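Contents: one structure, followed by commentary.
Because the structure is predicted, anything quoted here is derived from the model rather than measured. Quick note: residue numbers are just sequence positions, from 1.
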Amino acid sequence: MASKKPRILEDNKDMVWSLVPLVLFCIIIAGIASQCTFSPGGPTQGPIPSVDVDAALNYDAKELGFPIRNPGVPDGWTPNSGSRKIISGDGGGDSSTVGFITTSGRYIQLTQSNAEEFPLVSHIAGGQRFATGVETVGADTWNVFGGEGVESIWVTDVGDVRLLLTGAATPEEFRTLAEKVGAAQPITP
């Protein structure tokens, strides 16, 4: 009588057949939870979150110890984020940030702060950056912090406030926001 082969000599079909029910079970659970979709054409753009930028900036103007400006962005730009952070360390301070999706679908953010330039840039960039150029928009001169493979950061001082722009927007969109925020009057709380 022939004896049964040792388990190590069997092929992988046993393992495959035991995994098939498990995979089917996972797909059914994901379908029930509506966490998976099938999109043969690739991913599609979801809805852009919306933020009441006027309310956020008005609140920050009341709470922070420096003037806050509302840039009044062009039609078609969607405000989609806002935050307040404390930049720690020497030369740190408070910051107010709002972000926008431009008409071209790119992101750009405006940070207003009373922190010094290098701590602010390091905080936003997640590390040290060096100035790579200068842009003049209206009456303001913006220091540009760039480099290969990183998003540009533009920084200028307007009175006691430091303004910072960054994101994946085009240089023209950076200039547009720089012009709008440079021309804006501080919000009176």
Side-chain angles (χ1 to χ4, degrees), residues 45-129 131 133-146 150-189:
Q45 171 76 33
I48 297 172
S50 183
V51 170
D52 185 351
V53 74
D54 297 330
L57 292 175
N58 286 334
Y59 181 78
D60 287 350
K62 290 176 190 171
E63 296 295 317
L64 298 176
F66 55 88
I68 298 288
R69 298 164 183 260
N70 188 337
V73 296
D75 290 337
W77 285 32
T78 305
N80 78 327
S81 59
S83 66
R84 257 191 352 189
K85 294 188 179 168
I86 296 173
I87 297 154
S88 59
D90 291 338
D94 295 315
S95 69
S96 168
T97 300
V98 290
F100 304 92
I101 302 297
T102 65
T103 50
S104 68
R106 295 175 179 265
Y107 177 76
I108 189 167
Q109 80 177 32
L110 164 65
T111 299
Q112 303 177 66
S113 179
N114 61 352
E116 293 178 8
E117 183 175 60
F118 289 108
L120 178 61
V121 170
S122 294
H123 176 78
I124 297 296
Q128 191 173 17
R129 287 263 190 99
V134 173
E135 290 284 339
T136 301
V137 179
D140 301 315
T141 300
W142 296 77
N143 293 327
V144 178
F145 295 79
V150 297
E151 294 178 342
S152 290
I153 296 176
W154 291 21
V155 182
T156 193
D157 292 339
V158 179
D160 295 337
V161 180
R162 184 152 290 111
L163 305 176
L164 181 146
L165 308 178
T166 190
T170 65
E172 292 77 27
E173 291 165 333
F174 268 79
R175 283 186 202 88
T176 298
L177 185 53
E179 182 179 332
K180 293 283 189 181
V181 74
Q185 294 299 311
I187 298 169
T188 52

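In plain terms, the two heavy atoms of Arg129 and Ala125 that are nearest each other are CG-CB, 3.7 Å. Pairing each heavy atom of Gly92 with each of Ala115, the nearest pair is C-CB, 3.8 Å. When all heavy atoms are compared, the tightest approach of Pro49 to Asn80 is O-CB, 3.1 Å. Nearest heavy-atom pair, Gly91 versus Pro119, reported as atom, atom and distance to 0.1 Å: O-CG, 3.8 Å. Across all non-hydrogen atoms, the minimal contact from Asp60 to Ser96 is OD2-OG, 2.5 Å.
Separation of atoms CG (Asp140) and CG (Asp157) is listed at 9.5 Å; rounding is to 0.5 Å. Interatomic distance, CD1 of Ile87 versus NE2 of His123, reported as 5.0 Å (0.5 Å rounding). Annotation: the span from Thr188 atom OG1 to Lys62 atom NZ amounts to 10.0 Å, rounded to 0.5 Å. Considering CD1 of Ile101 and OG1 of Thr78, their distance stands at 7.5 Å, rounded to 0.5 Å. How far CG of Leu64 is from OH of Tyr59: 9.0 Å, rounded to the nearest 0.5 Å. Ile187 contributes atom CD1, which lies 7.5 Å from atom CG of Asp54 (distance to the nearest 0.5 angstrom).
Surrounding CD of Glu63 are more than 12 heavy atoms belonging to other residues, nucleotides or ligands, all under 6.0 Å away.
Between Trp154 and Thr166 there is no side-chain heavy-atom pair separated by less than 4.5 Å. Thr170 is listed as a side-chain neighbour of Arg106, based on a closest heavy-atom distance under 4.5 Å. Proximity of Leu163 to Thr111: side-chain heavy atoms (C-beta onward) are nowhere separated by under 4.5 Å. The shortest side-chain heavy-atom distance between Phe100 and Glu173 does not fall under the 4.5 Å cut-off. A heavy-atom distance below 4.5 Å is found between the side chains of Gln112 and Leu57. At a threshold of 4.5 Å between non-hydrogen side-chain atoms, the residues Val51 and Val98 do not count as touching. Put simply, the side chain of Phe174 does not reach to within 4.5 Å of the side chain of Val144, judged on heavy atoms. Contact annotation: the side chain of Pro79 never approaches that of Val73 to less than 4.5 Å [non-hydrogen atoms, C-beta and beyond].
Distance alone, capped at 3.5 Å, places no donor-acceptor pair between the Arg162 side chain and the Ser113 backbone. Judged purely by atom type and a 3.5 angstrom limit, Thr141 has no side-chain atom pairing as donor or acceptor with the backbone of Thr136.
In this pair, Phe145 and Phe118 present their aromatic rings perpendicular. The plane angle is above 60°, beyond the 30 to 60° band.
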Verdict with reasoning, Asn114 to Asp160, per side chain to side chain contact (heavy atoms under 4.5 Å, CB included): CA-CA 7 Å; Asn114 61 352; Asp160 295 337; over 6 Å; no
For Glu135 and Arg175, what are the C-alpha separation, side-chain angles and deciding distance, and is it a salt bridge (Lys or Arg N to Asp or Glu O under 4.0 Å)? CA-CA 9 Å; Glu135 290 284 339; Arg175 283 186 202 88; 3.7 Å; yes
Run the numbers on Asn143 and Val134 for side chain to side chain contact (heavy atoms under 4.5 Å, CB included), then give the verdict. CA-CA 5 Å; Asn143 293 327; Val134 173; 4.1 Å; yes
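Residues that satisfy the side chain to side chain donor-acceptor pair (under 3.5 Å) test with Tyr107, not counting sequence neighbours, are Ser81, Gln109.
If you run side-chain contact (heavy atoms from CB on, under 4.5 Å) between Leu164 and each of Thr97, Ile153, Thr156, only Ile153 comes through.
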